[in-house]
Chemist: 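This structure is in structure tokens; I'll ask about it shortly.
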Amino acid sequence: MGGADEVRAPGPRGGRPVAILLVDDHPENLVALEAVLRPLGHELVTASSGEEALKRLLTGDFAVILLDVMMRGMDGFETAVQIKQRDKTRDVPIIFLTAINREESDFLQGFSAGAVDYVTKPYEGWLLRAKVQVFIDLYQKSELLKQQRELLATRLDQRYVEEARQLRKLADASLTITSTLALNEMLQVVTRRARELIGAHQAQTTAFLGDEEDELGARAAVAVAVSAEYEGWAASREGVKSSPLSQAVLQRHRPMRVPRAQAPNRPEGRALAVTEPRHPALQGWLAAPLTGRNGRHLGLLEVADKTEDDFTEADESILVQLAQLASVAIENAELFEREHEIAETLQRSLLPQRLPVLSEVRLAARYLPAGGGGDVGGDWYDALVLPGGRVALAVGDVAGRGAQAAAIMGQLRIGMRAYALQGMDPSDVLRSVDRLLQGLSAAHMATAFYMLLDPAAETVRFANAGHPPPLAIGPDGGLRWMEEGVAVPLGVQPDGDFRTFELPVPRGSTLLLYTDGLVEERSSPIDDGLSRLRRAVEPPDVDLNVLCDRVLERMNAQGKSDDVALLAARVAPAATPRPLPA
């Protein structure tokens with residue numbers, strides 16, 4: 001939850017403070033939630049059971065409810081059903097909190113019970129605050145609308161009905177936009193929502209990439225959304241990045257609204273009539289600049305050809321607000337991509353640049369960062385030649401993501417190398433690395449596997465700190481998990497019970513070490529992943545690099561949501577192969 005780089009808000013963002021109900025039967029979880037949400041500046045009301053939460057709701061008004069799923073007595077699902085059955089609380093949004101990965105049926109049950117979102121512990125503080133703030137903003141706007149109800153009742157017309165509808169949709173769009181970190185995906189969301197909110201046939205978002213002073217000549221990312229009426233036109237413009245409105249809007253640096261009767265006679269319209277006579281902007285258009293916090297031109301958000309009549313002042317107001325949301329999201333996406341690139345560069349720089357070249361042991365390794373635009377993790381691998389022809393092999397995984405996890409990973413790897421060079425026993429190496437981690441950070445833990453391979457003695461000595469078991473492949477193709485003596489992860493207990501085990505490793509054997517990203521899937525047990533790994537190595541008697549590539553391909557490692565590190569070692573074969581011991 002949260003991190004060292006969190007920024008505390010000075011107080012509630014606009015409007016009067018509201019009440020937030022926190023429901024959890026563990027006092028420590030309530031304390032943690034209060035710490036995360038206190039920077040929002042609103043009243044935090046706690047309840048330690050479903051029954052107590054229902055009593056709180058009888059006398060108080062709440063903007064949002066954060067509800068733990070797994071509670072003793074009345075659980076979160078039953079509590080949510082009771083809340084939604086009451087007229088007073090039926091519309092209060094509920095965010096479910098859960099400490100375990102839920103099955104799809106559980107999510108369906110939660111949403112059926114009335115939840116608007118699921119948050120899995122441990123959660124990121126900034127993300128939880130952002131989700132809660134969206135519903136607070138919606139609550140405050142709804143309260144404002146309630147206060148104006150008498151006034152609206154006397155002069156309500158279609159214009160105000162449309163504005164209220166757009167405001168609610170804008171709040172919904174805000175949640176989606178601010179929770180999307182990948183730039184291209186976020187631009188698609190903004191563009192689609194702009195067309196839907198304004199009721200236009202065409203929408204386009206143009207985001208300038210880089211720091212070029214001349215924005216019109218900068219590289220651009222473009223997203224387009226059209227109605228069925230313009231699908232053929234959009235297909236014919238595939239690859240066209242320019243907007244006919246960019247120069248006019250950006251030179252003035254303010255919104256522009258042109259009715260359909262005037263559009264063909266404007267300079268932009270006359271140029272379009274020659275080059276693209278079917279362009280929707282010839283039927284009227286509305287555009288707003290995208291502006292960064294320091295006034296930097298970020299791009300342009302535009303809609304064209306309103307489905308009914310001309311664009312109105314209310315449309316312009318909504319588009320400007322959407323452009324402001326998009327501007328913040330674009331800068332956040334740029335910052336996220338820069339931080340991701342820095343963290344990934346840091347992680348790769350801390351991994352071995354090359355593996356030792358030995359006559360008795362062949363080595364190969366692969367590392368794949370997580371896909372899907374997430375932060376990098378703390379996976380690592382290492383191989384080190386020791387006196388007497390022995391080889392130290394290690395893999396590990398620091399819990400958490402981002403530059404901090406990568407930095408801690410680098411320190412653990414360097415520390416492990418230092419302890420290995422001192423000739424320590426495997427259990428003593430893990431014990432020393434455990435003390436190192438606990439001295440570096442009280443908030444991180446890591447799994448690790450360390451082994452000493454002696455090709456001359458045909459043995460391997462190893463110790464395991466909560467890491468998935470390596471796979472040993474005998475020269476005859478027999479498979480064996482090295483699952484002896486798995487201890488607690490590093491950083492969990494002051495004195496972990498790390499033990500050293502020794503196994504025979506006949507010449508010609510292959511050892512496969514990996515991190516959990518290779519075998520873990522959210523939708524299936526880890527045993528399924530281990531079974532797939534056993535099948536993925538068959539047949540094992542191929543070049544070691546070929547084996548690594550084949551394992552990654554068969555395990556669908558590319559683009560996974562977690563990093564994957566893979567380290568393989570093969571002992572030089574003997575004249576007469578011996579099988580692995582059972």
Side-chain angles (χ1 to χ4, degrees), residues 1 11-100 102 106-121 123 125 127-149 164 167-168 171-172 174-175:
M1 296 184 299
R13 187 182 69 189
R16 63 177 179 81
V18 302
I20 304 170
L21 181 59
L22 313 177
V23 188
D24 199 302
D25 60 347
H26 290 83
E28 64 274 16
N29 291 344
L30 291 174
V31 171
L33 278 172
E34 288 179 299
V36 168
L37 298 177
R38 190 172 294 116
L40 295 177
H42 297 284
E43 180 186 0
L44 303 177
V45 179
T46 62
S48 58
S49 68
E51 293 84 352
E52 184 180 358
L54 294 176
K55 291 179 182 178
R56 299 279 193 190
L57 289 164
L58 288 174
T59 57
D61 294 322
F62 297 92
V64 62
I65 302 170
L66 278 70
L67 178 59
D68 184 43
V69 173
M70 303 297 293
M71 293 191 298
R72 294 181 293 271
M74 182 184 292
D75 66 12
F77 296 136
E78 186 178 355
T79 304
V81 170
Q82 293 290 329
I83 292 172
K84 293 301 177 181
Q85 287 178 348
R86 296 180 176 181
D87 291 340
K88 179 183 178 183
T89 57
R90 179 178 295 122
D91 297 325
V92 181
I94 299 173
I95 299 176
F96 270 150
L97 305 175
T98 177
I100 60 174
R102 313 294 302 180
D106 291 333
F107 282 98
L108 292 175
Q109 182 183 357
F111 289 124
S112 298
V116 297
D117 202 355
Y118 251 99
V119 175
T120 303
K121 306 173 188 176
Y123 42 78
L127 181 57
L128 184 59
R129 282 194 295 273
K131 289 175 178 287
V132 171
Q133 184 63 57
V134 167
F135 292 105
I136 290 174
D137 291 346
L138 181 59
Y139 177 84
Q140 291 174 329
K141 290 181 173 66
S142 299
E143 287 297 300
L144 181 60
L145 290 175
K146 289 178 183 178
Q147 295 170 12
Q148 297 174 340
R149 183 174 297 167
L167 186 61
R168 182 169 293 275
D172 293 339
S174 173
L175 176 62

Chemist: Going from NZ on Lys141 to CD1 on Ile136, what distance comes out if it is rounded to the nearest 0.5 angstrom?
Modeler: 11.5 Å
Chemist: Between Thr89 and Leu54, is any pair of side-chain heavy atoms under 4.5 Å apart?
Modeler: no
Chemist: Taking the inter-plane angle between the rings of Tyr118 and Phe96 on a 0 to 90° scale, is it parallel (under 30°), tilted (30 to 60°) or perpendicular (over 60°)?
Modeler: tilted
Chemist: Looking only at non-hydrogen atoms, find the nearest pair between Lys131 and Asp117 and report the distance.
Modeler: NZ-OD2, 2.7 Å
Chemist: Are the side chains of Leu58 and Arg86 in touch, meaning some heavy atoms are under 4.5 Å apart?
Modeler: yes
Chemist: Kindly determine whether Lys88 and Leu57 satisfy side chain to side chain contact (heavy atoms under 4.5 Å, CB included), including the steps that lead there.
Modeler: CA-CA 8 Å; Lys88 179 183 178 183; Leu57 289 164; over 6 Å; no
Chemist: Is any side-chain heavy atom of Arg72 closer than 4.5 Å to one of His26?
Modeler: yes
Chemist: How close do Ala47 and Arg56 get, counting heavy atoms only, and between which atoms?
Modeler: CB-CG, 4.4 Å
Chemist: Quick check: closest heavy atoms across Gly41 and Pro17, and the distance to 0.1 Å?
Modeler: O-CB, 4.0 Å
Chemist: Any heavy-atom pair between the side chains of Ile65 and Thr79 that's under 4.5 Å?
Modeler: no
Chemist: Does Leu66 form a side chain to side chain contact (heavy atoms under 4.5 Å, CB included) with Val119? I'd like the steps, not just the answer.
Modeler: CA-CA 9 Å; Leu66 278 70; Val119 175; over 6 Å; no
Chemist: Quick one: closest heavy-atom pair of Phe62 and Tyr139, and the distance?
Modeler: O-CE1, 3.8 Å
Chemist: So do the side chains of Asp75 and Val69 get within less than 4.5 Å of each other, counting heavy atoms only?
Modeler: no
Chemist: Do you know the tightest heavy-atom contact between Glu34 and Leu22?
Modeler: CG-CD1, 3.8 Å
Chemist: Do the side chain of Glu78 and the main chain of Met74 share a donor and acceptor less than 3.5 angstrom apart?
Modeler: no
Chemist: Using side-chain heavy atoms (C-beta onward) and a distance below 4.5 Å, is His42 in contact with Leu37?
Modeler: no
Chemist: Please check this pair: side chain of Lys55 against backbone of Gly50, looking for a donor-acceptor N/O pair closer than 3.5 Å.
Modeler: no
Chemist: Do Asp87 and Arg90 have side chains that approach each other closer than 4.5 Å (heavy atoms only, starting at C-beta)?
Modeler: yes
Chemist: Test Val23 against every option in Ile94, Leu67, Leu33, Thr46 by the side-chain contact (heavy atoms from CB on, under 4.5 Å) rule and name the one that passes.
Modeler: Leu67
Chemist: Evaluate side chain to side chain contact (heavy atoms under 4.5 Å, CB included) for Val31 paired with Glu28, printing each intermediate quantity in order.
Modeler: CA-CA 5 Å; Val31 171; Glu28 64 274 16; 5.5 Å; no
Chemist: Grab the two heavy atoms, one from Asp61 and one from Ala19, that are nearest each other, plus how far apart they are.
Modeler: O-CB, 3.4 Å
Chemist: Please report the interatomic distance CG(Leu21) to CD(Glu52), rounded to the nearest 0.5 Å.
Modeler: 9.0 Å
